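Residue numbering restarts at 1 for every chain, and letters A, B, ... go by the order of the sequence lines. Every value quoted in this text rests on a predicted model; they were computed, and no experiment measured them.
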2 protein chains.
Amino acid sequence: MKKVTMADVAKLANVSKSTVSQYLNKRYEYMSEETRKRIAQAIEELGYQPNVIARSLKQKTTATIGVIVFNMLHMLTTQVLHAIEEECQKRGFQVIVCNSGDDPEKEKKYVDMLLAKQVDGLIVFPTGKNEEVYRRLVEERFPLVFVDRMVPGVEADSVLLDNAGAAEMAVQYFASYGYERIAIVTPPLVPYNVPRMERFEGFRAAMEKRGFEVGDQNVIAAEPAALPGELKKRFMESERPNALFAINDLTLMGVLRFVKETGIRMPDELAIINIDDVPFADIYTPALTTIAQPTFAMGKKAAERVFEQMDSNHADSPRVFRFSPALVERTWIKRGNGKEGRRNDEDS
Amino acid sequence: MKKVTMADVAKLANVSKSTVSQYLNKRYEYMSEETRKRIAQAIEELGYQPNVIARSLKQKTTATIGVIVFNMLHMLTTQVLHAIEEECQKRGFQVIVCNSGDDPEKEKKYVDMLLAKQVDGLIVFPTGKNEEVYRRLVEERFPLVFVDRMVPGVEADSVLLDNAGAAEMAVQYFASYGYERIAIVTPPLVPYNVPRMERFEGFRAAMEKRGFEVGDQNVIAAEPAALPGELKKRFMESERPNALFAINDLTLMGVLRFVKETGIRMPDELAIINIDDVPFADIYTPALTTIAQPTFAMGKKAAERVFEQMDSNHADSPRVFRFSPALVERTWIKRGNGKEGRRNDEDS
DNA sequence: TTGTAAGCGTTATCAA
DNA sequence: TTGATAACGCTTACAA
C-alpha cells in the first residue's frame, strides 16, 4: 500500500531523489519549471506521501511534543490540553498525551519513552516526585515546562495559578460580605502538592491579615469521598462555619453532596466559593460563585514556552508564570451580615 | 547532550553494533554472560537511550496510534480517550491526540499528518464528512476505528452507542411512570450526524410503538444556546410537555437553564432524562436520572479493535459495535400520573 | 558467540 | 539546475 517512496517518484519523474527532496522542501529556486511540473505529476500519480520518520532521523527533530498529565479526566487538564493542542497545531506540531495517573513510576517511564521517541519538548503536569528525572532534563537544556504543579528542587519553567492570590480572593469575597466564620475545605495537606499547600497558606495569610484565626475548627481536610461525612461532623459543633472555601472542583463536589444530604440552605445558612470553574455553576441553585483558572491562557503559555526554549539555545533562566484567577460572581449576597442572600438571575 | 548512540556503546563495550542491538532486543541466547555485562555497563556509563525513530524507520512500525476527535472538551471524548490511552499503555503504544474542532478540512489534514508520521493505526471521532479520505484507508487495510459517529459510505469498524436503544430507554422510563406528553430536545437534525439522527428515529419509533404521536409539538430542535428561548416558546402553548428527553449533555444544559430561568418545578411539573452522564447529576436537586454511555468500555474496545486489525492481515469484514447505555435512575417519580415526584436521597 | 554490511526513506554536501 | 553519495541510528541476514 503505502510503499511508494521518494525513489519511486524520482524514477517516474526522471530526476534524482535529491531533486525530489528539493521540491518537497520548496526550494524551487534553482529548479526548472519543467522538472517541477514533472515531479508534481509523479507525486500525484503515485499518491506519494513523504515519510516524516525518515526525515526526523536525519533532521533530529520530530515536530512532536509530549504531554504527561496526572489526571486526564480532570477538567483543568482537558482544557489546558486543548489550548496546548491548538498552539501546537499552529506550528505544525503534534502532541503525544500520556496519563501518569499520579503514579511517579509511570511518569518516569513515560518521560523515557517520550525521549526515546525523540519528542522536541515536554509539558508535564507533574506528580511532584521525580526530581532526578527532571533535573537531568534541565541540565541537558531539554525544553520542559511544568503546568499546575511544580517539582520541588527542579528549576524549570512553570505555569501556575496564583494560588495565594486565589485564596486571598476567596477570603476577600466572604469578608466583603461580612462572613467571618470561614473554613477551608481541602484534600489532605501533603507537602509535595505545591498548589494545595499554596492555597492553604494563602488562606491562612488572608485570614490572619483580617484578624481571623485559622485552626482545627476551620480547616477541613479529607479525601473527597470522606468530605461529606467530615463536614457533617464539623457542622454538629457549635460555632459552625457559615462560609466554605473549596480549594478545587473535586472538594466542591464533596461540599455540595454534604449540602444536599443535610438540606442546609444556601446561601442563607452557608455561602460557598471554590477554585476551578465548573460547568454547572450557573444552572445550580443558587448559582455558584467560582474562582476560575484561566486554563486556556495557561495552556497557550505552556506551549509557547516550550517553543521558545526550543528556538533559543542561550537558555535564559527558568521562569515561573503566575496566572491570576478570575472571580466569577454568580450569586449576590446581601452585604453586611452574611446571613441572607438571593439568587441573581441576571447573569447570562 | 543526547548524542550517545549505539556505536558509542559498542565501542566502549568492545563489541559491534549488532551485538548491542541483540542485547537491547533481549536476544541473549547466544551471548556470553561476559559481553552482556560489558554492554550493560557501557549503557549505564554513557546513559544511553535508544532512538526509537531509527528503529521505526527500519521496522516500519512506530508503536503510536493517532486519535482525531471533533471536540476535545467534551466529556465523552475525555473519557473515551482515557480508556484508549490506558489500553495503549498496556501494549507499549502511545497516542497522538488531534482536535479537529468538527472541521472536515482540519480532520483531513490531521489524517495526512498522522499517516506521514507513520502511526500504526487511527481512531477517529469523525466529523462525518471525509468519505474519500477514509475510504482510501479502508481499501489499503489501514487499521481504522470510528467512535461515537460513523462516516456514511465508509465501511470501517465503528464503536457506537446503541442510540435507538437509548431513546427507547428514555421513552420507556417516562412511559412507565405514566408520562405521555414527552418531547425530545436536540440540536438541529442534520443527516450526516448519525447518532443524532439515530436518537431521533429511535425516539420516534419508541413513541409510535406506544401510540404517541411525534410531530412539531414534541420535537424541540435548536442550537444549544437557543434552547432556553425555544423551550420557553413551547411552554407557552397549551398541552405543553411534561417530560423532556435531552439527547446529550449539552442540550441538557439548555434544558436546565430553561428550568432555572422559568422556575418550573421538577419533577412536579416536568421530568427530565438525558443521554450522557453528567458529573453533577447527583448533587443537583432533584437528582438527575441519566442514560450513561459506557465510555470506558467503548474506548477500550476501540483500542482493542485497532490492535486486532494491526495484528491480522486477513482483514475480516468491518463490524459495528453497539454499546448498551445504562439507566442511572436517581430520582423516584411516583408511578402513575407523572405529576408528582420526590427526591431520592438514598443514592450514594 | 560475535562481526560485517546492507538497508530503512529522508536530507545535505558537493560536484558536475 | 541537477545528481551522486554519504550520512542519520538502528535491525538483520549472513559470515566468520
**OP:** Using atom CD of Gln118(A) as one end and atom P of dC8(D) as the other, report the distance to the nearest whole Å.
**Re:** 14 Å
**OP:** Send over the distance from Met6(A) CE to dT5(D) C1', rounded to a whole Å.
**Re:** 13 Å
Original post:
Taking CZ from Arg55(A) and P from dG9(C), how many angstroms apart are they, rounded to a whole number?
Top reply: 15 Å
**OP:** Classify the side chain of Thr35(A) and the base of dT2(D) as holding, or not holding, a donor-acceptor pair under 3.5 Å.
**Re:** no
Subject >> Euclidean distance, atom NZ of residue Lys58(A) to atom P of dC10(D) [Å, nearest integer] >> reply: 15 Å
Original post:
Is Asp8(A) touching bases, backbone alone, or none of the nucleic acid, heavy atoms closer than 4.0 Å?
Top reply: nothing
Original post:
Base, sugar-phosphate alone, or nothing: which one does Ser32(B) contact when heavy atoms must sit under 4.0 Å apart?
Top reply: sugar-phosphate
Original post:
Do Gln79(B) and Thr295(B) get their side chains close enough for a donor-acceptor pair, meaning under 3.5 Å?
Top reply: yes
Original post:
Could a donor-acceptor pair under 3.5 angstrom be found where the side chain of Lys17(A) meets the base of dT10(C)?
Top reply: yes
Original post:
Hey, is the side chain of Asn25(B) poking within less than 4.0 Å of OP1 or OP2 on dT11(D), counting only N and O atoms?
Top reply: yes
Subject >> Test: Arg305(A) and Glu308(A) ion pair at under 4.0 Å >> reply: yes
Original post:
Hey, are the side chains of Leu137(B) and Val111(B) touching, using non-hydrogen atoms and a 4.5 Å cut-off?
Top reply: yes
**OP:** Using a cut-off of strictly less than 4.0 Å, decide whether Ser18(B) has a side-chain nitrogen or oxygen near OP1 or OP2 of dT4(C).
**Re:** no
Original post:
In whole angstrom, what separates Leu24(B)'s CG from dT11(D)'s P?
Top reply: 7 Å
Original post:
For the pair made of NZ in Lys37(A) and P in dT2(D), what is the distance, rounded to whole Å?
Top reply: 13 Å
Original post:
Below 3.5 Å, does any donor atom in the side chain of Ser21(A) face an acceptor in the base of dA12(C), or the other way round?
Top reply: no
Original post:
Nearest of dT10(C), dT4(C), dC10(D) to any side-chain atom of Ser16(B)?
Top reply: dT4(C)
Original post:
What is the nucleic acid contact for Val20(B), judged by heavy atoms within less than 4.0 Å: base, sugar-phosphate only, or nothing?
Top reply: nothing
Original post:
What integer distance in Å separates Leu57(A):CG from dG7(C):C1'?
Top reply: 12 Å
Original post:
Which is true for Ser56(B) with a 4.0 Å heavy-atom rule: it touches a base, it touches only sugar-phosphate, or it touches nothing?
Top reply: nothing
**OP:** Tell me which of Tyr48(A) and Val15(B) sits closer to the 5' end of DNA chain C, going by the nucleotide each one is nearest to.
**Re:** Val15(B)
Original post:
OH of Tyr23(B) versus C1' of dT1(C): gap in Å, rounded?
Top reply: 17 Å
**OP:** Say whether Tyr110(B) and Gln94(A), considering side chains only, have a donor N or O and an acceptor N or O under 3.5 Å apart.
**Re:** no
Subject >> Arg149(B) to Phe70(B), cation-pi by 6.0 Å centre distance and 45° axis angle >> reply: yes
Subject >> Nearest to side-chain heavy atoms of Gln59(B), which nucleotide of dT11(D), dG9(D), dG9(C) >> reply: dT11(D)
**OP:** Check whether NZ of the Lys or CZ of the Arg Lys129(A) lies under 6.0 Å from the centre of the six-membered ring of Tyr192(A) and within 45 degrees of that ring's axis.
**Re:** yes
Original post:
Just checking Gln22(B): base, sugar-phosphate only, or nothing, at a heavy-atom cut-off of under 4.0 Å?
Top reply: base
